[in-house]
There are 2 protein chains.
Amino acid sequence: MLDLMTENAGNNNHPLREMVSYRLARLQAKLNAQAIRILKQTSGLSLTEWRVLVMLETFGQTTSTKIAKEIEFDKGQLSRCLRRLQNAGLVKSTISEEDSRRQLLEFTVLGRETFEKARPHMRARQKQLLDCMEMEEKHMFFRSLEKLEQVADKSEPPNE
Amino acid sequence: MLDLMTENAGNNNHPLREMVSYRLARLQAKLNAQAIRILKQTSGLSLTEWRVLVMLETFGQTTSTKIAKEIEFDKGQLSRCLRRLQNAGLVKSTISEEDSRRQLLEFTVLGRETFEKARPHMRARQKQLLDCMEMEEKHMFFRSLEKLEQVADKSEPPNE
DNA sequence: ACAATATGGTTGACAGGTCAACTATATTTT
DNA sequence: AAAATATAGTTGACCTGTCAACCATATTGT
């Protein structure tokens, strides 16, 4: 019950502990490490690659820019990631006939297989994470994330 | 109420959207960018440097290893960060008399001044973030973070 | 049709994080 | 006291994320 604030030593109640940004950073680092490990063991994919493939799975044939917008990824990073995926033979691209700047991306057979190898493990992990919370709690948690993200988006925008 | 899942376009309900890890990553990136901007404008500090100084402020004279443990920082990164802080004249270190491996760290006058320049702005930002939630909500949010962190710590530890 | 502008994507530079090897000093074991 | 082990901190390698410059193609305005 009280375990939030009752650790006695200087061990667990330093000021950063209550800072949103810091807490998120730490949690996120741990979750990432976990995901990276699972992906490595099951499919050899990196976390970025995985996320890109999830998008590919969702949208079917799509383009780099579309993905970048959707998941708010840096397009440079994405470009490199896609090249790796193509070199590994997991994704293939064909130049669009309507607009020759665009590259239409899709899974190769190998890509799909690799994706499916990782997927159940990633699902299980996701479930395990969320299972630590009640429905109600989960809902509130995501709502809080939503709110925080809005505040972050709004306040002091880079240039105006 | 329903705003979690009812966004209609393909714009806002892709599958990653519900994934804890991804959501945290994105939120965290935004919060970091915000903090980095504020620090740059007010004090020229980096986020890492800021966090180290917060620790210094909290513990008074302390050592690198203590800080590293406290905030779960990589000691290598910390070493470099401390060197930058020392080069900039914000922190000074003296070798411990009891154990000559240890370097006791503390603020210089300039360091303290720089820290105090950033502090009110960082406080204000923190307040602004938390003000988007009710007390109850805040409490639950941190509880959820706590829980998730526990799950992340426990499950599938790196080596055993 | 031509110039200006917008868009899709690539590339280079750089800060930050993570890991592992390494040096130097302390501590423990025998 | 010597050998083995642990701890404090430094350094190098590598990888990811972010930013800005850049090229090529499309689109728009005149």
Side-chain angles (χ1 to χ4, degrees), chain A residues 21-22 24-37 39-40 44-52 61-87 91 93-105 158-159, chain B residues 21-22 24-37 39-40 44-52 61-87 91 93-105 158-159:
Chain A
S21 181
Y22 162 75
L24 288 176
R26 230 180 53 182
L27 174 54
Q28 208 243 316
K30 287 177 187 179
L31 293 180
N32 273 2
Q34 204 187 30
I36 287 165
R37 184 156 25 86
L39 287 170
K40 194 169 169 189
L45 292 168
S46 77
L47 188 50
T48 314
E49 287 160 5
W50 165 255
R51 283 181 179 153
V52 169
Q61 210 183 45
T62 185
T63 68
S64 175
T65 300
K66 183 117 186 284
I67 296 178
K69 282 197 182 118
E70 209 60 44
I71 57 184
E72 302 186 25
F73 244 49
D74 180 73
K75 62 182 182 168
Q77 192 187 351
L78 197 45
S79 169
R80 282 181 258 255
C81 177
L82 283 167
R83 188 165 49 214
R84 282 200 307 275
L85 285 169
Q86 289 181 55
N87 288 343
V91 165
S93 76
T94 56
I95 291 174
S96 162
E97 293 181 1
E98 299 153 12
D99 183 342
S100 60
R101 291 169 306 179
R102 281 188 201 155
Q103 300 176 15
L104 302 174
L105 304 164
N159 43 10
Chain B
S21 181
Y22 162 74
L24 288 177
R26 228 181 54 183
L27 174 54
Q28 209 242 314
K30 287 176 187 178
L31 294 181
N32 274 2
Q34 203 187 32
I36 287 166
R37 184 157 26 86
L39 286 170
K40 194 169 168 190
L45 292 168
S46 77
L47 188 50
T48 315
E49 287 160 4
W50 165 255
R51 284 183 178 150
V52 169
Q61 210 182 45
T62 185
T63 68
S64 175
T65 300
K66 184 118 187 280
I67 294 178
K69 281 196 183 120
E70 208 61 44
I71 58 184
E72 301 185 28
F73 245 49
D74 180 74
K75 63 182 179 167
Q77 193 188 351
L78 197 45
S79 168
R80 282 181 258 255
C81 178
L82 283 167
R83 187 166 48 215
R84 281 200 306 276
L85 285 169
Q86 286 179 57
N87 288 343
V91 165
S93 77
T94 56
I95 292 173
S96 161
E97 293 183 1
E98 299 152 12
D99 182 341
S100 59
R101 291 170 306 178
R102 281 188 201 155
Q103 300 175 15
L104 303 174
L105 303 165
N159 42 11

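In what follows, chains are A, B, ... by sequence order, proteins preceding strands, each numbered from 1.
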Closest approach to the side chain of [X], judged atom by atom: which nucleotide of [options] is it?
{"X": "A:Arg101", "options": "D:dA24, D:dT10, D:dT7", "result": "D:dA24"}
{"X": "B:Arg102", "options": "D:dA8, C:dG9, D:dT10", "result": "D:dA8"}
{"X": "A:Lys75", "options": "C:dT10, C:dT11, D:dG9", "result": "C:dT10"}
{"X": "B:Asp74", "options": "D:dG9, D:dT16, C:dT18", "result": "C:dT18"}
{"X": "A:Arg80", "options": "D:dA8, D:dT11, C:dG12", "result": "C:dG12"}

Excluding sequence neighbours, so at least two apart, what forms salt bridge (Lys or Arg N to Asp or Glu O under 4.0 Å) with B:Arg84?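 With sequence neighbours excluded, B:Arg84 shows a salt bridge (Lys or Arg N to Asp or Glu O under 4.0 Å) to B:Glu49, given in chain and number order.
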
Partners of B:Arg101 by salt bridge (Lys or Arg N to Asp or Glu O under 4.0 Å), sequence neighbours excluded? B:Asp99

Is [X] near enough to [N] that one of its side-chain N or O atoms lies under 4.0 angstrom from OP1 or OP2?
{"X": "A:Thr63", "N": "C:dG8", "value": "no"}
{"X": "B:Ser100", "N": "C:dA26", "value": "yes"}
{"X": "B:Ser46", "N": "C:dA15", "value": "no"}

Would you kindly give the CG-to-C1' distance between B:Leu45 and C:dG16, to the nearest whole Å?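 Going from CG in B:Leu45 over to C1' in C:dG16 covers 16 Å.
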
Could you tell me how far apart A:Ile95 (CD1) and C:dG9 (P) are, to the nearest whole angstrom?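 Taking atom P of C:dG9 as the reference, CD1 of A:Ile95 is at 10 Å.
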
For A:Asp99 and A:Gly76, take the nucleotide of DNA chain C holding the closest heavy atom to each; which residue's nucleotide lies nearer the 5' end?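 By nearest-heavy-atom nucleotide position, the 5'-most residue is A:Asp99.
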
